[in-house]
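Count residues from 1 along the sequence.
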Amino acid sequence: MTGGRVAFGALLRELRQARSLTIEGLSEASGISVRGIGDLERDRRAAPQRRTVAALADGLTLGEAERERLLAAARGGRSAAYRPTGVRSFPRAVDDFTGRDREVDRLTGWAEEARERPVLVAVSGAPGAGKTTLALHTARQVAGDFPDGQLLVDLQGTHESPPGPAELVVTVLKALGTSDRDLSNAGPQGHEALYRQVLAERRMLVVLDNVLDEEQVRPLLPGDGAVLVVMTSRRMLTGLEAVHRLWLGQLTPEAAGTLLAAIVGADRAGAEPDALADVAARCGHLPLALRVAGNLLATRTGWTVRRLADRLAQEDRRLGVLSAGDVRVEAAFDLSYRQLTPDAARMFRLLSLVPGPEASAACASRLTGQELFDAEDTLEELVEAGLLGVGGKAYRLHDLLRLYAGHRLEEHESVDEVERSREALYRWLLETAVVAGRWYDPDHGAPPALWRGIVDLSSAERAKEWLQAEGPNWLAALRAASLAGRHATVVEVAEALHWFSDQWIFWGHWAEVFGLGARSAEALGDALAEATQLNYLAWATLLAEARPRDSLTISARALTAAVRADDPSQQAWSHQYSAWAHRLLNEIDEAFRHSDEAAVLFARADDVHGVLQVTLQRAILFDRAGRAQEAIEAFRETLGFLEEHIGRIEPHVATFTRFGAQLGIGTALSGLGRWEEAVTQFGAALVISREMTNTAVESRALVKLGDALLAAGRPEEARDSFERCVSLGPDADPQRVAAARERLALLTAGGDQGPRRTPA
């Protein structure tokens with residue numbers, strides 16, 4: 001008896017003897033083994049699970065009072081049995097835990113599953129992502145579901161000499177109350193089986209923290225029982241089977257701000273919200289870095305939040321600043337970096353040279369000089385180590401890890417070696433951008449037969465995917481080429497991407513691309529190339545950036561360069577873009593004047609593409625001038641010209657023109673109040689836009705169609721059209737998406753559903 005309470009073993013023996021039962025007799029009546037009952041009566045093992053106690057109570061035919069007495073003794077035995085090594089004691093709770101609601105919900109759900117069977121969960125992520133904090137926070141929430149105890153075992157996976165599997169099994173068995181005699185009887189070869197037997201009879205929560213790898217943790221996984229095992233590791237533990245997996249990345253900006261505010265205080269955070277957001281962003285929204293930054297502010301009450309934000313703004317010093325007492329963000333990264341193979345460590349360092357947020361396997365291959373498949377294997381090692389995230393087909397290095405990798409790069413590689421790697425990457429990016437962009441150029445198309453690339457550019461669609469995925473990287477390479485004075489390369493790249501730009505109109509960087517091209521052409525003294533690039537820049541400014549007034553200045557510069565080059569085609573294009581800008585500014589007379597000039601010059605140059613575009617432009621101008629019937633005739637004239645010269649028109653341009661003409665006819669019909677006919681025309685334009693797989697023009701068609709459907713008295717179909725526009729994603733025309741949202745708000749409010757005119 002301990003503290004006035006009867007020990008479970010003594011009470012079980014007392015109840016058995018009172019019923020004149022032998023151990024063998026109770027075993028037969030309850031289904032519990034003779035050895036199991038004997039161990040319980042001698043207190044050679046911890047008290048059993050509730051279901052075992054229930055089986056014994058049934059075998060003893062106990063009444064309600066005695067049954068409850070036996071259950072109480074079992075509960076008391078559990079509380080005394082799990083203390084010896086301190087493994088069970090969880091650290092103090094983190095009061096400001098935040099930002100992992102989805103992950104907590106998933107862990108809680110898996111805890112429910114563990115009522116009936118063993119459930120294994122692997123929580124992995126980058127150093128400092130808060131894996132242990134999440135596991136312990138959730139463990140406290142679900143602890144009541146595991147009455148036979150909760151264990152926390154630190155497997156010390158980041159130590160230089162972490163404990164091996166055999167040592168860990170013995171440590172946990174002792175924490176579970178297993179006697180030295182039982183350990184000796186089982187022998188080293190039987191410890192794993194004994195461990196699983198002990199867990200099989202209990203309902204427990206086991207947190208295996210800081211796991212090194214699969215080999216270390218595999219013997220600690222149960223085979224039976226109502227057990228939840230949560231493993232935390234920087235590695236993904238890919239080799240483990242039948243495991244639920246949680247990958248922890250950075251917090252959302254909102255959650256990061258909430259965590260910082262909880263540490264520094266709501267008043268202080270509220271006084272400098274912008275500075276607080278800057279601190280969070282410069283911590284990469286990584287929980288460990290946020291805690292360090294928060295603790296710095298909490299202990300330096302004389303600092304403003306802006307002071308810390310400004311200190312963190314200096315990238316070369318940021319990791320040094322993120323140090324509070326014995327907690328250093330850089331030290332956390334060191335632990336993982338030191339465990340990498342030499343190839344993986346070198347690739348990790350070189351990935352800091354990738355200018356964009358993501359790196360493909362091909363980028364990594366160019367950086368390191370490895371063959372593509374070898375580079376992929378090395379990247380996967382970094383993913384497994386928790387130092388690299390995966391997003392779609394590319395790999396992502398966290399901002400702070402990128403800085404850390406850059407510091408290691410400076411330590412291990414010479415300046416010349418770094419520049420050779422960077423140059424190899426940038427040269428490959430620009431060469432591939434030229435080949436990919438030319439898929440859309442009528443003078444080129446598919447890559448040359450002799451071209452051998454390490455990425456698949458076998459179709460225009462694949463070329464588009466590559467250009468979009470690698471956009472931040474090849475753009476950075478283009479900027480570097482411009483700064484280095486490689487003007488011929490800059491012009492070549494910009495020219496190669498001109499036709500492709502129609503496929504990705506609202507990317508946001510075309511004005512920069514063609515601006516660089518124009519400056520390089522000017523530096524080369526090539527007036528024709530300068531005029532061409534300036535015309536591309538005028539297009540990007542008026543359409544992609546919606547700044548038609550600014551584009552007029554650029555068109556005028558293009559015209560001057562084209563006159564200097566004595567090139568009527570580029571002179572015509574400068575007038576064409578001027579006409580377009582004046583039309584968008586509703587300066588219709590000026591638009592007609594420039595359009596007339598363009599028509600004459602295009603005809604003189606025998607530029608069928610230009611003639612086609614100016615014909616379409618004039619049709620739109622007729623509609624803008626309120627001459628709807630003339631506009632319809634001009635749009636049909638455009639389609640007729642297209643069919644007449646179809647063999648000379650680049651398919652991409654032909655499709656774009658056909659779309660524009662169908663959309664224009666629908667717009668003119670709308671102006672005449674012929675709504676059902678307009679619906680038909682807009683529907684045809686929508687079909688063409690989807691065949692083009694061009695989200696920007698599809699968004700235009702959807703808003704036009706929705707407005708016509710509203711005017712035709714078909715509001716539900718109109719709602720569907722507007723909703724589809726809103727759902728198109730970031731490549732849609734932002735003005736059209738905004739218009740669609742406005743229409744939906746009016747429909748929801750039951751407001752004005754009358755006809756409205758949208759720009760062509």
From [X] [atom1] over to [Y] [atom2], what is the distance, rounded to the nearest 0.5 angstrom?
{"X": "R402", "Y": "L351", "atom1": "CZ", "atom2": "CG", "answer": "8.0 Å"}
{"X": "F641", "Y": "T657", "atom1": "CZ", "atom2": "OG1", "answer": "10.0 Å"}
{"X": "F656", "Y": "Q613", "atom1": "CZ", "atom2": "CD", "answer": "9.5 Å"}
{"X": "L552", "Y": "W580", "atom1": "CG", "atom2": "CH2", "answer": "13.0 Å"}
{"X": "D623", "Y": "I620", "atom1": "CG", "atom2": "CD1", "answer": "8.5 Å"}
{"X": "D707", "Y": "F722", "atom1": "CG", "atom2": "CZ", "answer": "4.5 Å"}

Neighbour count >12 (heavy atoms, 6.0 Å) for atom CZ, R564: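 Above 12, so yes.
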
Using every non-hydrogen atom in the two residues, find where [X] and [Y] come nearest and quote the distance to one decimal.
{"X": "W428", "Y": "C363", "value": "CZ3-SG, 3.8 Å"}
{"X": "W573", "Y": "G610", "value": "CZ2-CA, 3.8 Å"}
{"X": "A625", "Y": "I588", "value": "CB-CG2, 4.2 Å"}
{"X": "V703", "Y": "C725", "value": "CG2-SG, 3.8 Å"}
{"X": "L621", "Y": "A591", "value": "CD2-CB, 3.4 Å"}
{"X": "A685", "Y": "Q662", "value": "CB-CB, 3.9 Å"}

Looking at [X] and [Y], would you say the former's side chain and the latter's main chain have a donor-acceptor pair under 3.5 Å?
{"X": "H609", "Y": "I649", "value": "no"}
{"X": "E545", "Y": "R547", "value": "no"}
{"X": "T695", "Y": "A732", "value": "no"}

[X] and [Y] ion-paired at < 4.0 Å:
{"X": "E522", "Y": "R519", "result": "no"}
{"X": "E272", "Y": "R306", "result": "no"}
{"X": "R438", "Y": "E495", "result": "no"}
{"X": "D399", "Y": "R282", "result": "no"}
{"X": "E637", "Y": "R618", "result": "no"}

Stepwise side chain to side chain contact (heavy atoms under 4.5 Å, CB included) test for E677 and Q681: CA-CA 6 Å; E677 293 176 75; Q681 294 296 324; 5.7 Å; no

Plane angle bin for W507 and W510 - parallel if under 30°, tilted between 30 and 60°, otherwise perpendicular: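 Ring orientation, 0 to 90° scale: perpendicular.
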
Residue that, paired with E587, satisfies side chain to side chain contact (heavy atoms under 4.5 Å, CB included) out of L584, D589, L585: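 With E587 as partner, L584, D589, L585 yield a single side chain to side chain contact (heavy atoms under 4.5 Å, CB included), made by L585.
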
Is the closest side-chain donor-acceptor distance between [X] and [Y] under 3.5 Å?
{"X": "Q576", "Y": "S595", "value": "no"}
{"X": "N535", "Y": "S574", "value": "no"}
{"X": "E470", "Y": "S360", "value": "yes"}
{"X": "Q533", "Y": "H498", "value": "no"}

D456/E465 under side chain to side chain contact (heavy atoms under 4.5 Å, CB included): CA gap, chis, key distance, verdict: CA-CA 10 Å; D456 183 1; E465 289 174 4; over 6 Å; no

Side chain to side chain contact (heavy atoms under 4.5 Å, CB included) between R714 and L710, intermediate numbers included: CA-CA 5 Å; R714 296 154 66 177; L710 269 181; over 6 Å; no

Residue pair D731 / W504, side-chain heavy-atom distance below 4.5 Å: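 A side-chain contact under 4.5 Å exists here.
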
Between W499 and W539, ring centroids under 6.0 Å: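 Distance test on ring centres: not under 6.0 Å, no.
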
Close aromatic pair by centroid cut-off 6.0 Å: F622 and F592: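 Yes, the ring of F622 comes within the 6.0 Å limit of the ring of F592, centre to centre.
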
Pairs touching residues 440-463 that satisfy ring-ring contact (aromatic ring centres under 6.0 Å, His included), sequence neighbours left out: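 Output for this query lists Y440-F500.
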
For E644, all residues meeting side chain to side chain donor-acceptor pair (under 3.5 Å), sequence neighbours excluded: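 Residues passing side chain to side chain donor-acceptor pair (under 3.5 Å) with E644: none at all.
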
Test log, rule side chain to side chain contact (heavy atoms under 4.5 Å, CB included), inputs E643 and L639: CA-CA 6 Å; E643 293 306 316; L639 292 171; 5.7 Å; no

